[in-house]
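Below is one structure, written out as structure tokens; the observations come after it.
Only a predicted model underlies this, so the values are computations on that prediction, with no experimental measurement involved. To find a chain, count down the sequence lines: A is the first, B the second, and so on, and within it residues start at 1.
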Amino acid sequence: MSVTVRTLKQHLDTEVELKGWLYNRRGSGKLLFLQFRDGTGIVQVVMGKADVPEAVFETAKRIGNESSIIIKGRVKKDDRSPIGVEIQGSDLQVIQEVHDYPIQITEDVPNIDKLLDQRHLWIRSRTPHAILRVRSEVVQAIREFYYNKGFVLFDAPMFTPASCEGTSTLFEVPYFDGTAYLSQSGQLYGEAGALAFRDVVVFGPTFRAEKSKTRRHLTEFWMVEPECAFLELDGVMDLAEEQIRYVVSRALDRCKEELKVLERDTSILEQITKPFPRVAYSEMQGVLQKLKAEFAASGDPEKQKLAGDILKGGLNDDLGAADETAIGLHYKQCVMVHRYPRHVKAFYMKKDPVDETKALCVDVIAPEGVGEIVGGSQREDSLDELQRQIEHHKVDPASVSWFVDLRKYGSVPHGGFGMGVERCVQWITGCQHVREAIPFPRTIYRLNP
RNA sequence: UCCGCCUUAGCUCAAUGGUAGAGCAUUCGACUGUUAAUCGACAGGUUGCUGGUUCGAGUCCAGCAGGCGGAGCCA
């Protein structure tokens, strides 16, 4: 019977056939331990010289890592095995023999660039395999969360006429006789969807031509962007909190094996069931000033260095990376910072009626150094105010005239947010580079493989 | 765009300005319970490129190239 490693426990003490690849081999003159990989897991095949034909034993001894093979053997319970079972091998058939596989099994991530050159092969190894399985679970959890809430999946175009957010850099592509830009957010289209379907979610890749070279940036990344009619800022925060909590719990629940392989300390992730602190930007300034003094006075040189960079942008600016790190260290939980100064935020965000210098927006800052994973807001629903902001932010009016229409024909309060899938996966898996959280990462200096 | 760091064997890294080294991987050998197996042996090099200083440069200097981390911007 042909089976997979994942289901082996259901076949105890039966003869099975496994199709896959040789992951690694240890052995002696008369006993071989083949680490066999089939994509669903890794199992040890034990092959005694006396138990198989001599030609089979010689083949098993000879073939190199990643040779494609078919194994026959009996499934045995074994407490020494990480998966509880091993295979008593009786036959091995080679599909393709390999001898020069370029990646070593002793794979930590000392030089990510060299491994990324081999990304098409590296994804077979334990660590990337585990991370990408968590990603798959995270994406599935996101889809189910919105589907179960009755949201309509509302796909936004990738080719767009112009920028959604004036400042960021866009990828230009030739488009017949003109120019198109790759989408950096589906949000504006999501707003049109929300006024048609009430609750929608845009989920797809987005593109940013930012020349960032950090552990947290990609030029192509996936973003989930819910957008809801009649949802105000508090509702946006509720939705973001509920969604993050759902996704993290699902990963903790269904990716235990993967997180074990990744040696992830899940103690902070498990705090996710507690409410997220919601701190107004103006209040956070005070918290940061206190943290700055506290870190400077601590004996820890790393914290002292961090203290120097806290509130570097001044008291009325966007929060910087040091501020986000400090917030993560202090709260050890996802923190929602709301009502930033309007001048640092995008044109479509609604102004705070209580304080016109602030926007009705929220950023969710994840702990453990990942930084911002969610940015959202209540949207400006007043036609006059939106037009003033378009002018003020120097957005091309022609390219957003359809968007302005949404404020002419049945405008209502509405809002939503965007969450970066890779940053979320980076946080959950604790992987060092966001590049590890996507199968084939695209960055400023990498387009291959 | 700016700042800092790195580039030596397939990989990870050593080497006061004075003969180019180790671990892992590969190859060969030993081993019936290994889990990144272990042990033994062989082999592996135009020290990123170009120039300079020096009796002598992997090492010092300049330029270039590639990479990494960070700032800004963002998710």
Inset, instruction - Please say which of Lys211(A), Arg435(A), Arg423(A) ends up in a side-chain contact (heavy atoms from CB on, under 4.5 Å) with His217(A). - result: Arg423(A)
Legend entry - Whole-angstrom distance between rG17(B) and rA57(B), as gauged at atom P: 14 Å
Inset, instruction - Could you tell me the separation between the CG atom of Leu311(A) and the P atom of rG72(B), rounded to a whole number of Å? - result: 12 Å
Inset, instruction - Rounded to the nearest angstrom, tell me the gap between atom CD1 in Ile42(A) and atom C1' in rU34(B). - result: 15 Å
Inset, instruction - State which of rU32(B), rA71(B), rG33(B) makes the closest approach to the side chain of Lys30(A). - result: rU32(B)
Legend entry - Glu283(A) vs Tyr281(A) side-chain heavy atoms within contact, under 4.5 Å: no
Inset, instruction - Report which part of the nucleic acid Val434(A) touches: base, sugar-phosphate, or nothing (heavy-atom distance under 4.0 Å, all strands). - result: nothing
Inset, instruction - Pick base, sugar-phosphate or nothing for Gln44(A), based on heavy-atom distances below 4.0 Å to the nucleic acid. - result: base
Inset, instruction - Using a 4.0 Å heavy-atom cut-off across all strands, classify Gly371(A) as base, sugar-phosphate, or nothing. - result: nothing
Legend entry - Interatomic distance at C1', rA25(B) relative to rG67(B), whole Å: 23 Å
Inset, instruction - Mark yes or no: Arg245(A) above the aromatic ring of Phe145(A), with NZ or CZ under 6.0 Å from the six-membered ring centre and no more than 45 degrees from the axis. - result: no
Legend entry - Pair pattern of RNA chain B in dot-bracket, where unpaired bases get dots and | marks partners in another strand, Watson-Crick or G-U under 3.5 angstrom: (((((((..((((....[..))))..((((.......))))......(((((..]....))))))))))))....
Legend entry - Pairing of Arg264(A) and Glu368(A) as salt bridge, 4.0 angstrom limit: yes
Inset, instruction - Please work out which of the three classes, parallel, tilted or perpendicular, describes the rings of Phe203(A) and Trp222(A), given edges at 30° and 60°. - result: perpendicular
Legend entry - Glu86(A) side-chain proximity, nearest of rU32(B), rC2(B), rG33(B): rG33(B)
Inset, instruction - Could you tell me whether Arg74(A) and Glu15(A) have a side-chain N and a carboxylate O separated by less than 4.0 Å? - result: yes
Legend entry - Which nucleotide in rC73(B), rA36(B), rU12(B) has an atom nearest any side-chain atom of Lys114(A): rU12(B)
Legend entry - Nearest-nucleotide comparison on RNA chain B, the residue closer to the 5′ end among Gln88(A) and Glu220(A): Gln88(A)
Inset, instruction - Would you indicate which nucleotide in rU32(B), rA71(B), rC74(B) comes nearest to any side-chain atom of Lys312(A)? - result: rA71(B)
Inset, instruction - Would you mind reading off the distance between Arg446(A) atom CZ and rG69(B) atom P, rounded to a whole angstrom? - result: 11 Å
Inset, instruction - For Lys49(A), answer base if it contacts any base atom (sugar-phosphate contacts may also be present), sugar-phosphate if it contacts only those atoms, and nothing otherwise; contact means non-hydrogen atoms under 4.0 Å. - result: nothing
Legend entry - Below 4.0 Å: OP1/OP2 of rG69(B) and any side-chain N or O of His433(A): yes
Legend entry - Spatial distance of atom OG (Ser67(A)) from atom CZ (Arg25(A)) [nearest 0.5 Å]: 8.0 Å
Inset, instruction - Determine the Euclidean distance between corresponding P atoms of rU7(B) and rG58(B); express it in Å to zero decimal places. - result: 15 Å
Inset, instruction - Measure from CZ on Arg442(A) to C1' on rC74(B) and round the result to the nearest Å. - result: 20 Å
Inset, instruction - Classify the nucleic acid contact of Asp100(A) as base, sugar-phosphate or nothing, counting any heavy atom under 4.0 Å across all strands shown. - result: nothing
Inset, instruction - Report which part of the nucleic acid Arg25(A) touches: base, sugar-phosphate, or nothing (heavy-atom distance under 4.0 Å, all strands). - result: nothing
Inset, instruction - Taking only the side-chain heavy atoms of Glu372(A) (C-beta and beyond), determine which of rC74(B), rU12(B), rA71(B) contains the nearest atom. - result: rC74(B)
Legend entry - Candidate nucleotides rC73(B), rU12(B), rA75(B), ranked by approach to the side chain of Phe221(A) - the nearest: rA75(B)
Legend entry - Gap in Å between the two C1' atoms, one belonging to rC6(B) and one to rC64(B), rounded: 16 Å
Inset, instruction - Compare all side-chain heavy atoms of Val362(A) with those of Val236(A) and state whether any distance is below 4.5 angstrom. - result: yes
Inset, instruction - Please state whether the base of rC74(B) and the side chain of Arg423(A) form at least one donor-acceptor pair under 3.5 Å? - result: yes
Inset, instruction - Quote, to the nearest angstrom, the P distance that separates rC2(B) from rG44(B). - result: 45 Å
Inset, instruction - Determine: side-chain N/O of Arg215(A) to OP1/OP2 of rG70(B), distance under 4.0 Å, yes or no. - result: yes
Inset, instruction - Output yes when at least one side-chain N/O atom of Arg435(A) is less than 4.0 Å from OP1 or OP2 of rG69(B), else no. - result: yes
Inset, instruction - Check every strand shown and say whether Arg80(A) touches a base, only sugar-phosphate, or nothing at a heavy-atom separation below 4.0 Å. - result: base
Legend entry - Same-atom distance (P) from rU19(B) to rU47(B), integer angstrom: 15 Å
Legend entry - Nearest to side-chain heavy atoms of Thr214(A), which nucleotide of rG70(B), rC73(B), rC74(B): rG70(B)
Inset, instruction - Using whole Å, report how far CD of Glu66(A) lies from C1' of rA25(B). - result: 15 Å
Legend entry - Any side-chain heavy-atom pair of Tyr189(A) and Thr160(A) under 4.5 Å: yes
Inset, instruction - Check whether any side-chain N or O of Lys211(A) sits under 4.0 Å from OP1 or OP2 of rU1(B), and answer yes or no. - result: yes
Inset, instruction - Using a 4.0 Å heavy-atom cut-off across all strands, classify Met223(A) as base, sugar-phosphate, or nothing. - result: sugar-phosphate
Inset, instruction - State which residue, out of Gln389(A), Lys358(A), Met349(A), fulfils the side-chain contact (heavy atoms from CB on, under 4.5 Å) condition with Arg342(A). - result: Gln389(A)
Inset, instruction - Under 4.0 Å between any heavy atoms, over every strand shown, what does Leu218(A) touch: base, sugar-phosphate, or nothing? Just pick one. - result: base
Inset, instruction - Please determine, for the side chain of Leu31(A), which listed nucleotide (rC74(B), rA71(B), rU32(B)) has the closest atom? - result: rU32(B)
Legend entry - Same-atom distance (C1') from rA22(B) to rC60(B), integer angstrom: 26 Å
Inset, instruction - Kindly indicate, with the supporting measurements, whether the criterion side-chain hydrogen bond (donor to acceptor under 3.5 Å, both in side chains) is fulfilled by Thr206(A) and Arg208(A). - result: CA-CA 7 Å; Thr206(A) 50; Arg208(A) 304 223 174 145; 5.2 Å; no
Inset, instruction - Using a cut-off of strictly less than 4.0 Å, decide whether Arg208(A) has a side-chain nitrogen or oxygen near OP1 or OP2 of rG72(B). - result: no
Legend entry - Ion pair Arg135(A)/Glu422(A), N-O distance below 4.0 Å: yes
Inset, instruction - Assign Asp78(A) to base, sugar-phosphate, or nothing according to its heavy-atom contacts below 4.0 angstrom with the strands shown. - result: base
Inset, instruction - Looking at every strand, decide which applies to Asp363(A) at a 4.0 Å heavy-atom threshold: base, sugar-phosphate, or nothing. - result: nothing
Legend entry - rG33(B) base stacked by Phe33(A) (centroids within less than 5.5 Å, tilt under 30°): no
Inset, instruction - Please work out if Gln118(A) contacts a base, only the sugar-phosphate, or nothing of the nucleic acid, heavy-atom cut-off 4.0 Å. - result: nothing
Legend entry - Side chain of Arg216(A) (C-beta onward), nearest among rA75(B), rU12(B), rA71(B): rA71(B)
Inset, instruction - Considering only atom P, compute the distance from rA15(B) to rU27(B) and round it to an integer number of Å. - result: 31 Å
Legend entry - Residue whose closest nucleotide on RNA chain B lies nearer the 5' end, Val344(A) versus Gln35(A): Gln35(A)
Legend entry - Between C1' of rG33(B) and NZ of Lys77(A), the distance in whole Å: 17 Å
Inset, instruction - Calculate the interatomic distance between Phe57(A) atom CZ and rC31(B) atom C1'; express it in whole Å. - result: 11 Å
